[in-house]
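Working notes, structure below.
All values reported here derive from a predicted model rather than from experimental measurement. Chain letters run A, B, ... following the sequence lines, proteins first and then strands; every chain starts at 1.
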There are 2 protein chains.
Amino acid sequence: MKISGARTSKEIKLINEKKEKLKSFLREKGLKSTRQRDVIASEFLKTGEHVTAEELYREISKKYNDIGFTTVYRTLKLLNKSGLATERVFADHLTRYEPLSADDHHDHLICMKCGSITEFEDLKIERLQERVAEEFSFLSVSHKMEIYGYCNKCKDNA
Amino acid sequence: MKISGARTSKEIKLINEKKEKLKSFLREKGLKSTRQRDVIASEFLKTGEHVTAEELYREISKKYNDIGFTTVYRTLKLLNKSGLATERVFADHLTRYEPLSADDHHDHLICMKCGSITEFEDLKIERLQERVAEEFSFLSVSHKMEIYGYCNKCKDNA
DNA sequence: AGCCTAATTGAAAATGAATTTCAATTTCCT
DNA sequence: AGGAAATTGAAATTCATTTTCAATTAGGCT
C-alpha cells in the first residue's frame with residue numbers, strides 16, 4: 001500500500017482539489033469540517049489504492065492515536081457519497097474504497113494467489129458494455145469487471 | 001425465483017446429467033450420496049437463478065422440514081467445488097449461487113431499484129478480456145462483469 | 001469572544017451473514 | 001450385519017459492518 005512517498009506537484013495539486021471538493025460537499029449539506037475528516041481524506045487520497053476501512057485505520061493509527069476506526073469507516077462512506085471514492089466488493093467479500101476521478105472507468109485484474117490488484121482501462125470494452133445495456137433497454141449507471149487468475153509473478157510458481 | 005413449474009424434457013435431461021456428475025464427483029472424492037444432497041441439488045438445479053443459501057433453504061423448507069440451513073449452505077459449497085455451481089458476490093454483499101454449465105460465460109445486468117438480475121453473454125467482450133490479460137502477462141482463470149443501472153421497467157419510474 | 005444547537009466522535013454493543021463445532025445419525029464398504 | 005468415516009443440524013462462533021449513546025466539537029449567531 002502506497003501511503004506516503006515522493007509525489008509530483010501535479011499529484012499534490014489533484015489531492016488538494018479533491019479536498020476542496022469535499023469541503024464544498026460538506027458545506028452544501030450542512031455538515032462539518034473536522035480535523036479527523038481532513039486527516040482521513042488526506043491519507044485516503046494519498047494511498048491511491050483499494051483499501052478497506054480496517055487497513056486505512058491501521059495506517060492512520062501509526063501517525064495519530066486519537067482517530068477511531070468508526071470515524072475512518074464513516075468518513076469513507078462520506079467520501080463515497082461525495083463522489084470522491086468508490087466502494088467495491090471483490091471475491092473476498094471485503095468492502096474496499098478507492099479514490100475516484102470523474103472520468104476514470106477502470107477495471108481490475110485480481111491475482112488469486114498473492115491478491116494483488118492491477119487496474120486497466122479498455123475503451124472498446126466500455127463501448128461494448130454500453131451496447132449490451134441498450135440491447136436490453138437497460139439504463140446503465142456504472143459497471144464493474146474483474147478478471148481473476150494469476151499475475152505474472154505467481155503464474156510461474158503455480 | 002423459478003423453483004418449480006413446467007419443464008421441457010431437454011431441461012430435465014440436463015438436470016439429470018448434472019446430478020450424475022455430482023454423484024461421480026462424490027464417489028471420486030470418497031464422499032457420500034445422501035438424501036439431503038440429492039434434494040438440495042435437485043432444487044438448486046431447478047431454480048436456474050442466483051440464489052443465496054438462505055433463499056434456497058427457505059424454498060426447500062416449504063417441502064421438507066428436516067433439511068437444515070447448514071446442510072444447504074454446505075451443499076452449495078460442495079456444488080461449487082464439483083463445478084456445478086458458481087459463487088458470486090454482487091454489490092449487496094450476499095453470496096449467491098447459480099448452476100454452471102461448462103461452456104457458459106455469461107455476465108449480469110443488475111437493476112439498482114428492483115434488484116432483478118439479467119444475464120447476457122458477449123463473445124467480443126470475452127475476447128477483449130483475454131487480450132487485456134495477455135497484455136499484463138496475466139493468466140486468466142475466470143472473470144466477472146456486472147452492469148449496474150435501471151432495468152426497462154424501473155427506469156421510467158426513476 | 002462566548003453561547004447554543006446540531007453535528008461529530010469513538011468506545012462499545014448490536015447485527016447479520018458466513019463458518020465451525022460437536023454429538024447424534026447415516027452411508028457404504030467388507 | 002458391523003464398523004469406520006462421513007454427514008447432519010442445532011447451536012455457537014467468527015468477523016466485518018453498522019448502530020447506539022454519552023461526551024465532545026464545530027461553526028453560526030449574537
Side-chain angles (χ1 to χ4, degrees), chain A residues 19 22-44 50-61 63-82 85-97 115, chain B residues 19 22-44 50-61 63-82 85-97 115:
Chain A
K19 288 176 67 174
L22 174 62
K23 280 191 183 148
S24 314
F25 176 84
L26 293 174
R27 228 175 290 129
E28 207 174 284
K29 299 277 178 183
L31 304 175
K32 289 169 181 173
S33 273
T34 64
R35 188 182 59 85
Q36 289 92 330
R37 283 178 176 166
D38 196 63
V39 167
I40 296 165
S42 295
E43 294 297 321
F44 171 68
H50 312 79
V51 288
T52 61
E54 185 61 36
E55 282 166 359
L56 187 60
Y57 166 67
R58 273 205 294 276
E59 211 50 50
I60 287 173
S61 295
K63 297 194 200 171
Y64 306 87
N65 60 3
D66 61 344
I67 294 184
F69 167 78
T70 314
T71 303
V72 173
Y73 164 80
R74 280 189 286 222
T75 302
L76 285 171
K77 290 257 164 211
L78 191 68
L79 288 169
N80 183 233
K81 276 186 196 148
S82 71
T86 34
E87 219 181 87
R88 287 180 187 269
V89 185
F90 298 116
D92 62 5
H93 292 211
L94 297 179
T95 306
R96 292 171 192 281
Y97 295 85
Chain B
K19 286 176 69 174
L22 174 62
K23 278 188 185 148
S24 314
F25 175 83
L26 293 174
R27 227 175 289 128
E28 207 174 283
K29 299 276 177 182
L31 304 175
K32 289 167 182 174
S33 275
T34 64
R35 187 182 60 85
Q36 289 92 331
R37 282 177 178 167
D38 195 64
V39 167
I40 295 165
S42 295
E43 294 296 322
F44 171 68
H50 312 80
V51 288
T52 61
E54 185 61 35
E55 282 167 359
L56 188 60
Y57 166 66
R58 272 206 294 276
E59 212 49 50
I60 287 174
S61 295
K63 298 193 200 170
Y64 305 87
N65 59 4
D66 60 344
I67 294 184
F69 167 79
T70 314
T71 304
V72 172
Y73 164 79
R74 279 188 287 223
T75 303
L76 285 171
K77 291 256 162 211
L78 191 69
L79 289 170
N80 182 232
K81 276 186 195 149
S82 72
T86 34
E87 220 180 86
R88 288 179 187 269
V89 185
F90 297 116
D92 63 5
H93 294 209
L94 297 179
T95 305
R96 292 171 192 282
Y97 295 84

With B:Y73 via ring pair (Phe, Tyr, Trp, His ring centres under 6.0 Å) - residues at least two apart | none
Under a 4.0 Å heavy-atom cut-off, which of residues 26-36 of chain B touch DNA chain D?
-> B:G30, B:L31, B:K32, B:T34, B:Q36
Note, A:F44 side chain near A:V51 side chain (heavy atom, < 4.5 Å) | yes
Considering heavy-atom distances to DNA chain C, does A:L78 or B:T52 have its closest nucleotide positioned more toward the 5' end?
-> A:L78
Boundaries of the chain A footprint along DNA chain C (any atom under 4.0 Å from a heavy atom) | C:dA6 to C:dA12
Could you state the OH-P distance from B:Y73 to D:dT7, rounded to the nearest angstrom?
-> 15 Å
Salt bridge (charged side-chain N to carboxylate O under 4.0 Å, His left out) contacts in which one or both residues fall within residues 85-96 of chain B, not counting sequence neighbours = B:E55-B:R96, B:K77-B:E87, B:R88-B:E98, B:D92-B:R96
D:dT7 P sits how many Å from B:I40 CD1, rounded?
-> 12 Å
Which residues pass the side-chain hydrogen bond (donor to acceptor under 3.5 Å, both in side chains) test with A:D66, sequence neighbours left out?
-> A:R35
Do you know which two heavy atoms are closest between A:L22 and A:S82, and how far apart they sit?
-> CD1-OG, 4.1 Å
Check side-chain hydrogen bond (donor to acceptor under 3.5 Å, both in side chains) between B:R27 and all other residues, then give those that pass, not counting sequence neighbours.
-> none
Which residues satisfy the side-chain contact (heavy atoms from CB on, under 4.5 Å) test with A:S42, sequence neighbours excluded?
-> A:K19, A:D38
Nearest heavy-atom approach of B:L26 to B:S33 is CD1-OG, 3.7 Å
Can you name the ring pair (Phe, Tyr, Trp, His ring centres under 6.0 Å) partners of B:F69, sequence neighbours left out?
-> B:Y57
Identify, between B:R74 and A:Y57, the residue whose nearest nucleotide on DNA chain C lies closer to the 5' end.
-> A:Y57
Between A:T52 and A:T95, does a side-chain contact (heavy atoms from CB on, under 4.5 Å) hold up when you go through it step by step?
-> CA-CA 6 Å; A:T52 61; A:T95 306; over 6 Å; no
If each end axis of the helix from C:dA1-D:dT30 to C:dT30-D:dA1 is fitted on five C1' pair positions, the angle between them, to 10 degrees, is 30°
Atom-pair distance (NZ on B:K77; C1' on D:dT7), nearest Å | 18 Å
Upstream residue (5' side of DNA chain D) when B:F69 and B:R37 are each assigned their closest nucleotide = B:R37
Whichever of B:H93 and B:T70 has its nearest DNA chain D nucleotide further upstream toward 5' | B:T70
Mark yes or no for whether A:T71, through its side chain, and A:I67, through its backbone, hold a donor-acceptor pair below 3.5 Å.
-> no
Under 3.5 Å, which protein N or O atoms sit close to an N or O of nucleotides 12-14 of chain D? Give each pair with its distance.
none

Does any non-hydrogen side-chain atom of A:V72 lie less than 4.5 Å from one of A:I60?
-> yes
Are the side chain of A:R37 and the backbone N or O of A:K32 linked by a donor-acceptor pair below 3.5 Å?
-> yes
Within the structure shown, what part of the strands sits under 4.0 Å from A:T95 by heavy-atom distance: base, sugar-phosphate, or nothing?
-> sugar-phosphate
